[in-house]
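Here the structure comes first, spelled out in structure tokens, and everything after it is commentary.
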Amino acid sequence: TEAGNAAARKGELPKITRGLVEQLHAEAAYFLPEDGQRSCLVVFDMTDSAQIPVIVEPLFLGANARVTLVPCMNLDDVERGMAEAFSELDDSGQ
């Protein structure tokens, strides 16, 4: 929070946030308070885990942020994954 406050006071927080959203070509970005801290939820398509340092380092360095990455799926992804999972189960005889 202190590093985020310092970044906000210097006017850097909006730049960091906008840079992140633009860099990720975010599908959606939501900003909210969580447990007394600034938080944001950003939905984006990560195609390679090597993107992780590129995504998180500006947040660590610019605002000493705590970052959690959570994989998620859209409906097409779920349907494709379920079809594959059950195909493998059928092939194994279970």
Side-chain angles (χ1 to χ4, degrees):
T1 300
E2 288 305 314
N5 288 344
R9 285 185 190 102
K10 293 178 188 175
E12 296 171 356
L13 200 53
K15 179 181 174 185
I16 293 167
T17 304
R18 180 166 296 280
L20 175 69
V21 171
E22 290 175 354
Q23 171 196 352
L24 296 176
H25 305 287
E27 296 176 32
Y30 303 98
F31 303 90
L32 59 143
E34 182 179 19
D35 296 328
Q37 298 181 354
R38 291 177 188 87
S39 297
C40 67
L41 303 172
V42 181
V43 179
F44 64 97
D45 185 20
M46 185 168 69
T47 57
D48 183 352
S49 59
Q51 290 175 268
I52 293 172
V54 175
I55 294 165
V56 301
E57 287 303 327
L59 299 170
F60 292 151
L61 297 172
N64 196 29
R66 183 178 69 186
V67 178
T68 303
L69 299 173
V70 179
C72 59
M73 299 175 282
N74 62 28
L75 183 57
D76 291 338
D77 295 334
V78 170
E79 290 173 343
R80 192 172 66 247
M82 294 295 282
E84 185 176 328
F86 283 101
S87 171
E88 289 178 12
L89 287 176
D90 290 343
D91 291 345
S92 68
Q94 296 181 6

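Model, not experiment: these values are computed from the prediction. Counting begins at 1 with the first residue of the sequence.
The closest donor-acceptor contact from the side chain of Asn74 to the backbone of Asp77 lies under 3.5 Å. Of the possible polar contacts, one joining the Gln51 side chain to the Asp48 backbone as a donor-acceptor pair under 3.5 Å is found. Checked by atom type and distance alone, the side chain of Glu12 never pairs as donor or acceptor with a backbone atom of Ala8 at under 3.5 Å.
Across all their heavy atoms, Ala3 and Ala63 have their closest contact at CB-O, 3.4 Å. The two atoms that bring Ala29 and Val21 nearest to each other are CB-CG2, 3.8 Å, heavy atoms only. Residues Leu32 and Cys40 approach most closely at CD2-CA, 4.4 Å, considering heavy atoms. Between Ala26 and Val42, the shortest heavy-atom contact is CB-CG1, 3.7 Å. Nearest heavy-atom pair, Ala7 versus Gly62, reported as atom, atom and distance to 0.1 Å: CB-O, 3.7 Å. Closest non-hydrogen pair, Pro58 versus Pro53, comes out as CD-O, 4.1 Å.
Looking only at side-chain heavy atoms (C-beta outward), Thr17 and Pro14 stay at 4.5 Å or farther from each other. Looking only at side-chain heavy atoms (C-beta outward), Val70 and Thr68 come within less than 4.5 Å of each other. Two residues are said to be in side-chain contact when any heavy atoms from C-beta on lie closer than 4.5 Å; Gln23 and Val54 meet this criterion. Looking only at side-chain heavy atoms (C-beta outward), Arg38 and Asn5 come within less than 4.5 Å of each other. For the pair Leu24/Met46, no side-chain contact is recorded, criterion being any heavy-atom separation below 4.5 Å from C-beta on. A 4.5 Å side-chain heavy-atom check between Ile55 and Phe44 finds at least one atom pair inside the cut-off. By the 4.5 Å heavy-atom criterion applied to side chains, Arg80 and Met73 are not counted as neighbours.
Both Val67 and Leu20 belong to a common hydrophobic cluster when Ile, Leu, Val, Met, Phe, Trp and Tyr are linked at side-chain heavy-atom distances under 4.5 angstrom. Linking Ile, Leu, Val, Met, Phe, Trp and Tyr whenever their side-chain heavy atoms come within less than 4.5 Å puts Ile52 and Leu59 in one cluster.
No more than 12 heavy-atom neighbours from other residues, nucleotides or ligands sit within 6.0 angstrom of CE on Met82. By the 6.0 Å contact criterion, OH on Tyr30 is open, its count of non-hydrogen atoms from other residues, nucleotides or ligands being 12 or less.
Every residue was checked against the salt bridge (charged side-chain N to carboxylate O under 4.0 Å, His left out) condition with Glu34, not counting sequence neighbours, and none meets it.
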